[in-house]
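Note sheet for the following structure.
Computed from a prediction, not measured in an experiment: that's the story for all the values here. Whatever order the structure lists them in is the order used to number ligands and atoms, beginning at 1. Only this structure's heavy atoms are used, side chains among them; waters, hydrogens and symmetry mates stay out.
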Amino acid sequence: MPLVVIVGCQWGDEGKGKVIDFLAHDADWVARYQGGNNAGHTVIVHGKKSILHLIPSGILHPNVKCLIGNGVVVDPQALVEEIHLLEESGIAVRERLFVSENTHLIMPYHRKLDHMMEARRGANKIGTTGRGIGCAYGDKVARHGIRMHDLRDKDKFAQKVATFSPFYQHLFQSYGEQPWSVDEVVEEVWRYRDEILPLIVDGVTLINEELDKGKKVLAEGAQGILLDVDFGTYPFVTSSNPSPGGVCTGLGVAPRKISKVVGVVKAYSTRVGAGPFVTEIHDELGTKLREWGGEFGATTGRPRRCGWFDCVALRRSLQIGGITNLALMKLDVLSELDEIRVCTHYRINGKTVDILPFGLETTEGVEPVYETFKGWKQPLDPVRSFDDLPQEAQDYVFALEKLIGARMDFVSVGPDREETIFRSEELFRGL
Ligand code: IMP
């Protein structure tokens, strides 16, 4: 009954796509449990780049089936467009993709509200991806949500839209925004309905039966634990639970069914959007790191903010994540540096803080305390064994392991599948 979870341990964009791609080789199923088309998983196989936003990246493996779980929010237009894009690249999707019937829809008014709220937040804006994610989750929790199941009957669907519509009409009108008609919304969604309908299943029964049969399932997390609505840098977070707890509610599987949790971290830190980032590099070095690492949002193209590895933030993710194996990504990006810094703890009002505090909404008054390591100043992409890494690179990895109290089983030294060092054959050569 192997259910392996892959989770980002920073603010997303850690390179989960590459790890998922490795493990998916041996998986029967890859399932998304949270988030929506705010995510962007970049996978590079033999130099060919694919970016997936909504469909689990396991779809790139012809023998893998994929489930979009109930914890995800799905924009019907984004789903259909991504299916078409994959099909145009010669990837068969329809007979291998399933969507849970209790998955909530991102409606056209959610996208509009997301933009409207951001525009009015002014200096406090979150920097959302503008995909309507938080608004769809908001309606889910407020019990105004519309689910995949509702696509089965147009009259009932229209009835629901009509019931919830007055709330939005008042809201939009009071902010001077254009009102819309129920018919317009229904027709906009219905344009995609016929293509989505055959994919809709009872995803909870499906995945539990598959697990009971001994099938191997990968639960693919989007974003990262530090963007978790409960445990991240609230309110600068996404609106779901990327942390492993989200797997149980987002797929409908019991906690005891999870066999492994693979955490993914980058050798430095990035975040996209607003919110506290204690180790952010504000000078030219930050710009260089962005260029070396290609740190531009896979979904929105926005430049990512770059900074040093933050052990304080990582300790919180590891505490919540119950990580059994850790993957260290993009070590090669640091190869040009003379010196590399690692934040070991913060000093806040004269006090030493070694785990990310939940009340941290700004970096004002927070001083990162750094340890400095010597750079290795040579390319790492040809290296395939840990012992062949330059001593300085090994020392950097050992230092991180000691500071966060976890072992890196997988070290990535380049974007391609081959540019990888395995320190735990057992996990990464097979589930
Ligand atoms: P939302 O998920 O669009 O509501 O955006 C909320 C916050 O999460 C913003 O700071 C986004 O930039 C961030 N975010 C959402 N998805 C991702 C992702 O896949 N990677 C990195 N940041 C993300």
Side-chain angles (χ1 to χ4, degrees), residues 6-20 32-43 50-57 71-75 78 82 104 106-107 110-121 123-141 220-243 246 250 264-266 268-277 280 290 293-307 313 317 329-330 360-363:
I6 296 174
V7 61
C9 293
Q10 292 155 315
W11 287 278
D13 310 315
E14 298 89 353
K16 292 180 289 295
K18 176 167 169 173
V19 181
I20 293 161
R32 274 277 302 268
Y33 59 92
Q34 49 74 227
N37 58 322
N38 50 349
H41 285 166
T42 308
V43 186
S50 307
I51 300 180
L52 293 163
H53 300 287
L54 186 57
I55 298 176
S57 35
V72 177
V73 283
V74 171
D75 182 327
E82 202 161 296
H104 281 249
I106 299 177
M107 300 291 285
H110 291 138
R111 281 197 303 260
K112 190 166 171 177
L113 184 62
D114 193 353
H115 286 287
M116 208 174 97
M117 287 171 81
E118 277 289 85
R120 282 160 183 80
R121 279 186 188 119
N124 296 320
K125 78 176 189 179
I126 294 165
T128 71
T129 58
R131 304 291 195 263
I133 305 293
C135 303
Y137 279 116
D139 269 0
K140 170 179 172 172
V141 179
E220 169 179 329
Q223 293 89 43
I225 295 179
L226 300 176
L227 284 174
D228 188 290
V229 67
D230 284 284
F231 307 117
T233 46
Y234 191 90
F236 304 99
V237 292
T238 192
S239 298
S240 61
N241 292 115
S243 53
V264 186
V265 288
K266 200 148 55 177
Y268 50 97
S269 306
T270 60
R271 87 174 283 177
V272 58
F277 185 2
E280 184 167 6
R290 181 179 306 128
E295 297 294 355
F296 296 89
T299 298
T300 58
R302 290 180 291 179
R304 295 180 187 140
R305 301 155 66 194
C306 296
S317 298
M329 312 305 289
K330 292 185 134 177
L360 194 85
E361 290 181 16
T362 158
T363 51

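- Between Tyr33 and Val7, the closest side-chain pair of non-hydrogen atoms falls below 4.5 Å.
- The protein atom (non-hydrogen) at minimum distance from atom 23 (C) of ligand 1 is Leu227 CD1, 3.7 Å.
- The closest donor-acceptor contact from the side chain of His115 to the backbone of Lys112 lies at 3.5 Å or more, if one exists at all.
- When each atom of ligand 1 is checked for a heavy atom of Ala39 under 4.0 Å away, the hits are 19 (O).
- Note: an N/O pair closer than 3.5 Å links Val272 and ligand 1 by distance alone.
- Looking from atom 20 (N) of ligand 1 to the surrounding protein, the closest heavy atom is Asp13 OD1, 3.2 Å.
- Contact between Trp11 and ligand 1 is present, with at least one heavy atom of the residue lying under 4.0 Å from the ligand.
- Side-chain contact check for Thr129 and Arg131: no donor-acceptor pair (N or O, by modelled atom type) lies under 3.5 Å.
- Atom 11 (C) of ligand 1 has Gly127 O, 3.5 Å as its closest protein atom, hydrogens excluded (heavy atom only).
- With hydrogens and angles ignored, the 3.5 Å screen pairs a side-chain donor or acceptor of Glu82 with a backbone N or O of His53.
- Remark: the Asp114 side chain and the Thr128 side chain contain an N/O donor-acceptor pair separated by less than 3.5 Å.
- The nearest pair of heavy atoms linking Phe296 to Pro303 is CD2-CA, 3.6 Å.
- Ranking the protein heavy atoms by distance from atom 2 (O) of ligand 1 puts Thr238 OG1, 2.6 Å first.
- At least one heavy atom of Arg302 sits closer than 4.0 Å to an atom of ligand 1.
- For ligand 1, the polar-atom distance check finds no N/O of Ser239 at less than 3.5 Å from any of the ligand's N/O atoms.
- Thr233 and Arg271 share a donor-acceptor pair across their side chains, judged by distance under 3.5 Å alone.
- The side-chain contact (heavy atoms from CB on, under 4.5 Å) search around Asp75 returns Asn37, Gln77, Ala78, Ile106, Arg111, not counting sequence neighbours.
- Among all protein heavy atoms, the one lying closest to atom 17 (C) of ligand 1 is Gln223 CG, 3.4 Å.
- When hydrogens are left out, the protein atom nearest atom 6 (C) of ligand 1 is Val237 O, 3.3 Å; that is the closest non-hydrogen contact.
- Taking Ser317 as the reference, nothing meets the side-chain hydrogen bond (donor to acceptor under 3.5 Å, both in side chains) condition, with sequence neighbours excluded.
- In this structure, the protein non-hydrogen atom closest to atom 3 (O) of ligand 1 is Thr129 OG1, 2.6 Å.
- Closest protein heavy atom to atom 5 (O) of ligand 1: Thr128 CA, 3.3 Å.
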